[in-house]
Amino acid sequence: MLLLSFSAISAQSFEFRYHGESLADGAMVTIAAQEDEWGFGELCCYTNPSSDANNGLVLKLLSGSQAQVGSATLTINQNTLNPTTLSWCMGGLCVYFGDKTSLTKENFSVNGGSENVQFDAEDIQSEGVLLATLTATIGNETHTVKIKFTNGDQDIPVRGDVNGDGNVTAADVTHLYNVLLNNDYTGVVNADQNGDNEVTSSDVTAVYNILLNK
């Protein structure tokens with residue numbers, strides 16, 4: 001008798017959404033600085049500028065998922081905006097970065113099916129960009145979203161330059177492998193090289209083609 005075994009495939013239990021639209025794992029949301037909501041003329045960026053979940057970045061539990069407890073880490077990869085205050089509110093707790101570049105929240109709760117991600121850069125002092133990576137884990141499932149705050153005109157990124165050093169080298173391929181194999185976005189500025197809003201082996205191929213034809 002032939003016995004067949006099938007591996008159980010777990011359905012995805014949560015995802016990140018922006019303006020109500022589902023985000024591919026590792027996708028980037030880009031938000032331009034604007035005057036703050038209080039009318040003081042300060043330049044600020046907010047991932048969720050109101051209580052409306054469709055107006056910002058949200059961690060969404062998918063159909064059939066109950067209230068969950070998870071962990072999340074928000075890492076600043078690059079910051080040339082020099083905001084006076086940089087804060088992160090999620091799961092009922094707000095924390096301030098100060099001189100830290102990475103913060104982790106253990107045992108944050110997701111109730112009511114979704115949780116707003118409030119990541120704020122207030123009183124921005126300089127033109128430039130702030131790049132951050134938010135990674136959340138619930139159970140054995142992990143998803144990542146990239147956040148890009150901008151102020152002023154930005155240079156067009158060099159195609160193939162994954163780590164943002166202005167050059168296309170083997171280091172860019174290594175960074176992509178770290179994303180694909182370990183979900184590690186450390187030092188990554190632009191992982192989506194082919195513009196399909198996903199990070200896959202096709203992005204590695206795109207960088208290889210640039211290196212081979214330099």
Side-chain angles (χ1 to χ4, degrees), residues 13-23 25-62 65-126 128-139 141-151 183-188:
S13 65
F14 76 97
E15 66 182 7
F16 285 108
R17 293 183 179 180
Y18 187 57
H19 293 313
E21 299 292 329
S22 298
L23 295 172
D25 200 27
M28 178 180 288
V29 297
T30 301
I31 303 169
Q34 57 185 351
E35 287 192 2
D36 78 331
E37 58 187 321
W38 309 112
F40 294 124
E42 296 176 349
L43 286 174
C44 302
C45 286
Y46 306 103
T47 57
N48 204 319
S50 76
S51 59
D52 181 0
N54 289 323
N55 197 29
L57 183 62
V58 173
L59 187 155
K60 176 70 175 177
L61 298 180
L62 301 180
S65 299
Q66 303 299 314
Q68 299 283 344
V69 174
S71 64
T73 298
L74 185 60
T75 301
I76 308 301
N77 307 116
Q78 179 182 349
N79 182 10
T80 59
L81 293 182
N82 299 314
T84 299
T85 303
L86 194 59
S87 61
W88 172 31
C89 301
M90 184 176 173
L93 177 66
C94 292
V95 292
Y96 295 86
F97 276 80
D99 59 357
K100 298 181 177 68
T101 58
S102 184
L103 293 172
T104 298
K105 293 185 177 184
E106 302 287 355
N107 301 319
F108 75 86
S109 297
V110 182
N111 298 303
S114 65
E115 179 64 37
N116 289 347
V117 178
Q118 296 174 250
F119 178 47
D120 304 338
E122 301 181 55
D123 194 13
I124 292 169
Q125 303 293 309
S126 307
V129 299
L130 186 152
L131 295 170
T133 302
L134 174 60
T135 300
T137 299
I138 297 177
E141 187 175 338
T142 298
H143 296 293
T144 296
V145 63
K146 305 280 289 182
I147 301 165
K148 181 179 182 180
F149 290 158
T150 67
N151 180 34
N183 200 37
D184 180 2
Y185 281 79
T186 303
V188 173

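Values below: all heavy atoms of this structure, side chains included; hydrogens, waters and symmetry mates excluded.
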Please report the shortest heavy-atom distance between [X] and [Y], naming the atom on each side.
| X | Y | value |
| --- | --- | --- |
| Ala132 | Asn77 | C-OD1, 3.5 Å |
| Asp25 | Thr142 | OD2-O, 4.2 Å |
| Ile124 | Leu81 | CG2-O, 3.5 Å |
| Ser109 | Glu115 | O-OE1, 3.6 Å |
| Glu141 | Ser13 | OE1-OG, 2.7 Å |
| Ala32 | Cys45 | C-SG, 3.8 Å |

Can you tell me how far the CD1 atom of Ile76 sits from the OG atom of Ser102, to the nearest 0.5 Å?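 That separation rounds to 8.5 Å.
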Separation of Ser71 OG from Phe108 CZ (nearest 0.5 Å):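 One gets 7.0 Å once the value is rounded to the nearest 0.5 Å.
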Aromatic centroids of Phe14 and His143 separated by under 6.0 Å: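 Centroid separation for His143 and Phe14: below 6.0 Å.
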Would you check if the side chain of Asn151 reaches a backbone N or O of Ser126 as a donor-acceptor pair within less than 3.5 Å?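 Answer holds: yes.
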So, does Lys146 use its side chain to make a donor-acceptor pair with the main chain of Val188 at under 3.5 Å?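 Yes; judged by distance alone, with no hydrogens or angles, the pair exists.
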Check the pair Ile31 / Thr47 against side chain to side chain contact (heavy atoms under 4.5 Å, CB included), numbers first and verdict last. CA-CA 7 Å; Ile31 303 169; Thr47 57; 4.0 Å; yes
Exactly one of Thr104, Thr137, Thr135 should register a side-chain hydrogen bond (donor to acceptor under 3.5 Å, both in side chains) with Thr73. Which one does?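 Going through the options one by one, the only one that passes is Thr104.
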Test Leu134 against every option in Phe119, Trp88, Tyr185 by the side chain to side chain contact (heavy atoms under 4.5 Å, CB included) rule and name the one that passes.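 Of the listed options, the one satisfying the test is Trp88.
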